[in-house]
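Within every chain, numbering begins at 1; the chains are lettered A, B, ... in the order of the sequence lines, protein sequences first and strands thereafter.
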There are 2 protein chains.
Amino acid sequence: MNTLTLPPFAARVGLAVDIAAFAMHRSKLMILLVRRGIEPHQQSWALPGGFVHDGEQLAEAALRELREETSVSLSPNHLEQFYTFGHPGRDPRGRIVSVAHLAVLPHGTPAVYGGGSVTAAAWFEAHEPPPLAFDHADILAHALRRLQVRLEYAGLALEFLPDTFTLPELQEVYEAILARPLDKRNFRKRILAQGLLEAAGERRNGVGRPAQLYRRAKRLRSPRV
Amino acid sequence: MNTLTLPPFAARVGLAVDIAAFAMHRSKLMILLVRRGIEPHQQSWALPGGFVHDGEQLAEAALRELREETSVSLSPNHLEQFYTFGHPGRDPRGRIVSVAHLAVLPHGTPAVYGGGSVTAAAWFEAHEPPPLAFDHADILAHALRRLQVRLEYAGLALEFLPDTFTLPELQEVYEAILARPLDKRNFRKRILAQGLLEAAGERRNGVGRPAQLYRRAKRLRSPRV
DNA sequence: GCAAAAGTGTTCCTAGTACACCCATGC
DNA sequence: GCATGGGTGTACTAGGAACACTTTTGC
């Protein structure tokens, strides 16, 4: 499987995946980070990630690393590759190319330290991350932009929420990702006009008027190309 | 430089770039292809591309391969990475990951056979390519979609044209990429409303009314609020 | 009755779309 | 004068943005 017969001038590189995994927590957009237990950048915070194994798909590797390093047991609701970082000097160990992935984890996903070569895993505010190892600050910035673009087009916001949710909750997701407030009336009008949601009872939160619950409507929307 | 000390389970892969290079020719969107001179897929048409060298940037490698395989002497007016293809079985020689790039070449760029491991280079209609080697048909399809998206947002259409051009020429670029006709009046209104163009004399084409020439305006448009 | 959270409509403006004729030139 | 290609305006529609008060509940 690893019998690679290439021309001598061809670079043979280490292939890695890094994952920018987002979730909502207390009305904030959070990013999942791990603390590196080995050099280089030992003790630094970094995006979860690691080397692709022989014969492994890129997306498979991203899922595996996410589970190994953070003990995230739930599957991401969304996972996509978004950019490949291949600058020759980005890793002191040699030429390592990283295929960066964007993941959306369900609401309430805990960050448990899992194992591998990391000593901790934790959620941070995505718009205000700590200093990061390698070029991970750059990767995170790209991931945020992609997330904002996806939000407008696809119904990616739903992936941050449980099966049923209220419109104020959905609006919080939008506001957290776009980092700006939205008008409540316009938001509701726009979302409901899309016809992707259906009613699913109501919920009492204690004080205040009960909220209408919604879920993703059964019928599929036409896929984006 | 190539002292890569990685864990044993880490895949060490061949790193390649492939380039989907587009240009306009006779009102059609064309894609630049090369004929492979070596196995695998000898004699098949394929996207230009090849292995990244040690210490080379991804974009550098894309430019180099484009020049080596097609003798395209002009620099692309636009070059961006758009997706990474890493399926384990995509190349029979072993695990080869390809970072695919989208390039826009200036109007009138000839396709000259350059050398390296290809026996020919030629332009084909981008929407009707011949059978392609590896997963290059897939890569081309992705590239076309990306090109269509970029067209709407950025002023990427200008990169297909010489410094000065007429609005009917610009409209041809849009129509060729989107593969559908556009209304002339609405097109002109929309384009001129963006304020990106300035007048640059006129041109007589022989018969017919002379056309107003435009060029990209010097000053940037004010950002939308 | 008051604090807390959910819910609701109208007006304005912009951008997109549909659609048909006149203008300047070469021959 | 006619063939060729370039240029122009208006009416309609849909979607986005601005904007303030009422309703339902717990306590």
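- The rotation axes computed at either terminus of the helix from C/dG1-D/dC27 to C/dC27-D/dG1 lie 10° apart, taking five pairs at each end and rounding to 10 degrees.
- Side-chain polar atoms of A/H87 and B/Q57 form a donor-acceptor pair below 3.5 angstrom.
- Between A/L158 and A/F165, the shortest heavy-atom contact is CD2-CZ, 3.5 Å.
- With sequence neighbours excluded, the residues forming a ring-ring contact (aromatic ring centres under 6.0 Å, His included) with A/H136 are A/F134, listed by chain and number.
- Of all heavy-atom pairs spanning B/L47 and B/A20, the tightest one is CD2-CA, 4.2 Å.
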Polar atom pairs between nucleotides 8-15 of chain D and protein, under 3.5 Å, N or O only, would you list them?
from   : atom 1 : to     : atom 2 : distance (Å)
D/dT10 : O4     : B/K189 : NZ     : 3.0

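- Note: CG (B/L167) to P (D/dG7) measures 6 Å, nearest angstrom.
- Counting heavy atoms from C-beta outward, B/E198 and B/Y214 have side chains that stay 4.5 Å or more apart.
- Between A/E128 and A/K28 there is no salt bridge, since no side-chain nitrogen of the basic residue lies less than 4.0 Å from a carboxylate oxygen of the acidic one.
- Checking C/dG16, D/dG6, D/dA3 against the side-chain heavy atoms of B/R190 singles out C/dG16 as nearest.
- B/Q148 and B/E152 share no side-chain donor-acceptor pair at under 3.5 Å.
- One interatomic measurement links the two molecules: CZ of A/F187 to P of C/dA6, which rounds to 13 Å at whole-angstrom precision.
- B/R216 and B/T164 form no side-chain donor-acceptor contact under 3.5 Å, judged by distance and modelled atom types alone.
- Note: CG (B/L182) to C1' (C/dA15) measures 15 Å, nearest angstrom.
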